[in-house]
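Throughout, protein chains are lettered first and strands after them, A, B, ... in sequence-line order, and every chain is numbered starting at 1.
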Number of protein chains: 2
Amino acid sequence: MLPLNNVTNTVESSKQLGIGKVVRYCVICGDKSSGFHYGVLSCEACKGFFRRGHNSEFKCKYMTPCVITMENRNDCKACRLKKCREVGMNKQPQSLQPAKVPIDPIQQDKLEFEWISQQIRRLYSSNYDYSSDRMRLMTIKDLQLENNTKTLQHFINEINSDITSFVLFLKSVPLLDDMTPEDKSILMKRHAFSIYVVRSAPAYTENGFLCMNGGRIAWQKFYDVYGELGIKMNAFATEIREMNFTESEIGVFVMLIMLQPIPVEDVVQTGFQNVSLLTETHTRFSKILNYQLTTRDPENRLFDKIQGLIEEVNTINNLHKQSIKLIETNITSFSVPPLFADVFGFLDAVLDDQTVE
Amino acid sequence: MLPLNNVTNTVESSKQLGIGKVVRYCVICGDKSSGFHYGVLSCEACKGFFRRGHNSEFKCKYMTPCVITMENRNDCKACRLKKCREVGMNKQPQSLQPAKVPIDPIQQDKLEFEWISQQIRRLYSSNYDYSSDRMRLMTIKDLQLENNTKTLQHFINEINSDITSFVLFLKSVPLLDDMTPEDKSILMKRHAFSIYVVRSAPAYTENGFLCMNGGRIAWQKFYDVYGELGIKMNAFATEIREMNFTESEIGVFVMLIMLQPIPVEDVVQTGFQNVSLLTETHTRFSKILNYQLTTRDPENRLFDKIQGLIEEVNTINNLHKQSIKLIETNITSFSVPPLFADVFGFLDAVLDDQTVE
DNA sequence: CAAGGTCAACATGACCTC
DNA sequence: CGAGGTCATGTTGACCTT
Ligand SMILES: [Zn+2]
Ligand SMILES: [Zn+2]
Ligand SMILES: [Zn+2]
Ligand SMILES: [Zn+2]
């Protein structure tokens with residue numbers, strides 16, 4: 001039994017209470033709905049499909065009945081049309097036009113979670129160098145690193161590159177439209193290293209740390225630079241991998257890290273503006289991750305492990321804030337890209353002409 | 001081990017000996033090939049697909065790797081492109097252009113059998129009222145038949161209608177292009193009742209004989225009209241159903257019945273022209289059915305049962321030739337459509353204004 | 001012959017009109 | 001609001017040109 005089935009606590013029900021814009025979803029494919037069409041809450045696409053094809057005869061060529069989604073709706077006209085009919089679409093002239101099929105709030109909530117999950121997956125995957133698609137195409141090559149400075153420089157580049165991608169993700173991530181770029185930036189900076197460690201979890205392989213371009217850093221080199229912290233990072237990455245997160249789930253998980261409550265003193269110090277929006281958004285992402293994990297694996301209570309993971313990565317993030325000073329004190333030995341410097345608070349000399357390869 | 005694997009006896013090898021037109025098949029999807037493209041024997045469609053998409057990156061969304069066929073080639077671009085590459089398609093500028101991938105005669109034979117089977121399936125299904133698609137949509141309704149004349153009239157109409165469909169099938173059936181309509185007609189008439197019995201096999205249900213429009217004739221009425229012959233017909237239909245023929249296989253099976261050797265005296269009497277073409281065509285269809293049955297069920301030697309079935313239906317056909325005189329002698333009691341009259345040799349009074357409903 | 005271009009046919013879905 | 005129309009967009013594959 002999914003937590004969703006509690007009618008009194010659905011997103012849909014809060015909508016009915018007038019909180020937030022009303023967004024409805026197509027009961028055929030789950031895409032955003034543009035209202036009722038042929039008696040059924042449906043999207044423009046399914047509406048057009050039914051208008052064109054309501055009296056066609058298609059034949060499904062698959063063994064098992066197709067489950068229609070936003071992504072596969074064009075794969076089987078037969079099952080799409082069948083679904084249209086099943087959910088009650090009809091094309092009566094005007095006379096005996098049956099009543100609209102009423103809105104099912106629980107279904108709408110489910111569809112909303114799925115719609116958002118899917119948006120996040122697309123967005124996250126296209127701004128993520130360790131996506132399984134790209135991992136497959138990666139050509140691994142061991143890096144020869146003469147000293148710690150070289151190794152650290154590699155990580156500076158890696159982190160800078162990953163944050164650059166993540167910022168693009170943040171720019172369009174759903175449910176965060178109303179947050180100002182400044183607030184987003186403050187939150188991102190607070191948890192930048194956490195974010196990197198989570199996102200780079202697939203890089204921790206048996207034979208070394210995989211850079212995004214396929215370069216592999218031997219564990220010895222890695223530990224030479226990160227020391228004790230490195231051991232924690234590796235252990236944490238393993239726990240993350242063992243969760244078997246989908247890319248959509250990682251996206252939401254990272255949001256949960258970033259959207260943790262911010263202490264009052266930090267609000268003041270950073271000039272963070274909209275605390276209530278932060279709280280609200282955190283709650284919504286939390287519900288989404290809960291839905292995702294419960295749906296994927298109803299047996300194990302995966303969501304229960306999330307809080308522990310977040311605390312663990314918070315620890316790593318804090319430790320890193322101390323060790324980062326190693327770079328700051330030796331700033332002239334490194335080529336530090338502006339974004340990296342900004343994120344980790346190197347206020348002083350960062351040359352303009354420094355470039356990231 | 002398929003009989004096909006005998007290289008010295010492939011259709012492909014006879015082509016190499018200069019017998020017949022050379023037809024080649026796309027090694028990617030099995031459609032007719034228009035020659036070598038990008039190094040590989042392929043069709044216009046796969047050629048165009050590879051030209052447009054050779055450097056694209058697609059992602060297969062299915063669990064199991066897709067098997068590309070003429071019919072499904074547009075369903076998974078990823079696997080289609082993969083197959084293009086696997087069979088050796090390449091788009092080198094001009095310089096190090098690898099040698100053409102040589103023709104595999106065994107593969108070509110297989111593809112030819114499959115191509116023809118598929119053509120026959122399409123053609124047969126669209127000219128067949130007992131196709132499983134139409135059977136599904138059939139609404140059954142028990143017929144009230146007051147006397148044998150009424151029952152027989154129903155069968156006259158059924159047979160006439162089925163033969164009409166079959167003639168359309170014959171008109172475009174592959175491998176028979178070179179046979180004259182006159183010769184086709186002679187053969188069809190010889191075995192018209194056999195053809196009907198085979199094609200109407202799905203009509204023999206537990207509760208009666210199903211007419212094409214869904215009308216059901218009780219077995220008692222059926223036997224009142226057909227007597228002993230009816231028992232043979234029913235038994236034969238059961239055997240046919242137990243073969244679990246695909247529609248393509250029924251199409252070929254019917255051709256085998258029709259293309260049986262014609263005795264010399266009948267050649268003379270009917271004015272049949274091209275006996276050698278008849279023999280040759282019979283052999284080709286025979287090979288096709290053998291291929292189809294062996295591929296579908298390599299364990300049971302289904303093809304071995306074919307000769308027996310043909311002899312059985314020949315017997316029924318001959319018995320029917322005698323009982324048909326019942327109609328001829330009472331011709332005025334019936335409405336006999338011209339095609340029916342022609343096929344069963346009612347040379348005399350068939351009124352011009354008789355129509356088939 | 002085969003590589004590449006062309007384009008009619010088709011399906012889709014965002015947007016518009018009433 | 002929603003039914004219906006519109007049309008830009010993208011893909012396909014038969015046919016043509018070189
Ligand atoms: Zn839809
Ligand atoms: Zn389907
Ligand atoms: Zn092909
Ligand atoms: Zn595939």
Of all residues at least two apart in sequence or in a different chain, which pass the salt bridge (charged side-chain N to carboxylate O under 4.0 Å, His left out) check with [X]?
{"X": "A/Asp129", "answer": "A/Arg134"}
{"X": "A/Lys171", "answer": "none"}
{"X": "A/Arg52", "answer": "none"}
{"X": "B/Glu182", "answer": "none"}

(message) Tell me the bend of the helix from C/dA2-D/dT18 to C/dC18-D/dG2 as the angle between end helix axes, each from five pairs, rounded to the nearest 10 degrees.
(response) 30°
Figure out the [atom1]/[atom2] separation between [X] and [N], and round it to whole Å.
{"X": "B/Glu44", "N": "C/dG4", "atom1": "CD", "atom2": "C1'", "value": "11 Å"}
{"X": "B/Asp31", "N": "D/dT12", "atom1": "CG", "atom2": "P", "value": "15 Å"}
{"X": "A/Gln92", "N": "D/dG4", "atom1": "CD", "atom2": "C1'", "value": "17 Å"}
{"X": "A/Phe50", "N": "C/dA11", "atom1": "CZ", "atom2": "P", "value": "17 Å"}
{"X": "A/Met89", "N": "D/dA3", "atom1": "CE", "atom2": "C1'", "value": "12 Å"}
{"X": "B/Lys32", "N": "D/dC15", "atom1": "NZ", "atom2": "C1'", "value": "17 Å"}
{"X": "A/Phe49", "N": "D/dG4", "atom1": "CZ", "atom2": "P", "value": "16 Å"}
{"X": "B/Phe58", "N": "D/dG10", "atom1": "CZ", "atom2": "P", "value": "14 Å"}

(message) For DNA chain D, which residues of residues 66-78 of chain A approach it to below 4.0 angstrom with any heavy atom?
(response) none
Heteroatom pairs (N/O) under 3.5 angstrom, protein to nucleotides 1-3 of chain C:
| unit_1 | atom_1 | unit_2 | atom_2 | d |
| --- | --- | --- | --- | --- |
| C/dA2 | OP1 | B/Lys100 | NZ | 2.8 |
| C/dA2 | OP2 | B/Phe36 | N | 2.9 |
| C/dA2 | O5' | B/Phe36 | O | 3.3 |
| C/dA3 | OP1 | B/Tyr38 | N | 3.1 |
| C/dA3 | OP2 | B/Tyr38 | N | 2.8 |

Using side chain to side chain contact (heavy atoms under 4.5 Å, CB included) as the criterion, list what pairs up with [X], not counting sequence neighbours.
{"X": "A/Asn90", "result": "A/Gln92, A/Gln97, A/Pro98"}
{"X": "B/Phe58", "result": "B/Phe49, B/Ser56, B/Lys77, B/Ala78, B/Leu81"}
{"X": "B/Val101", "result": "B/Val40"}

(message) Is A/Arg52 close enough to D/dT6 that one of its side-chain N or O atoms is under 4.0 Å from OP1 or OP2 there?
(response) no
(request) Could you list the residues that satisfy ring-ring contact (aromatic ring centres under 6.0 Å, His included) with B/Tyr38, not counting sequence neighbours? (result) B/Phe50
(message) Just to verify, what does A/Tyr130 make a ring-ring contact (aromatic ring centres under 6.0 Å, His included) with, not counting sequence neighbours?
(response) none
(message) Checking A/Ser248 against A/Gln292: is there a side-chain donor and acceptor pair closer than 3.5 Å?
(response) yes
(message) Between B/Glu114 and B/Tyr25, do the side chains contain a donor N or O and an acceptor N or O under 3.5 Å apart?
(response) no
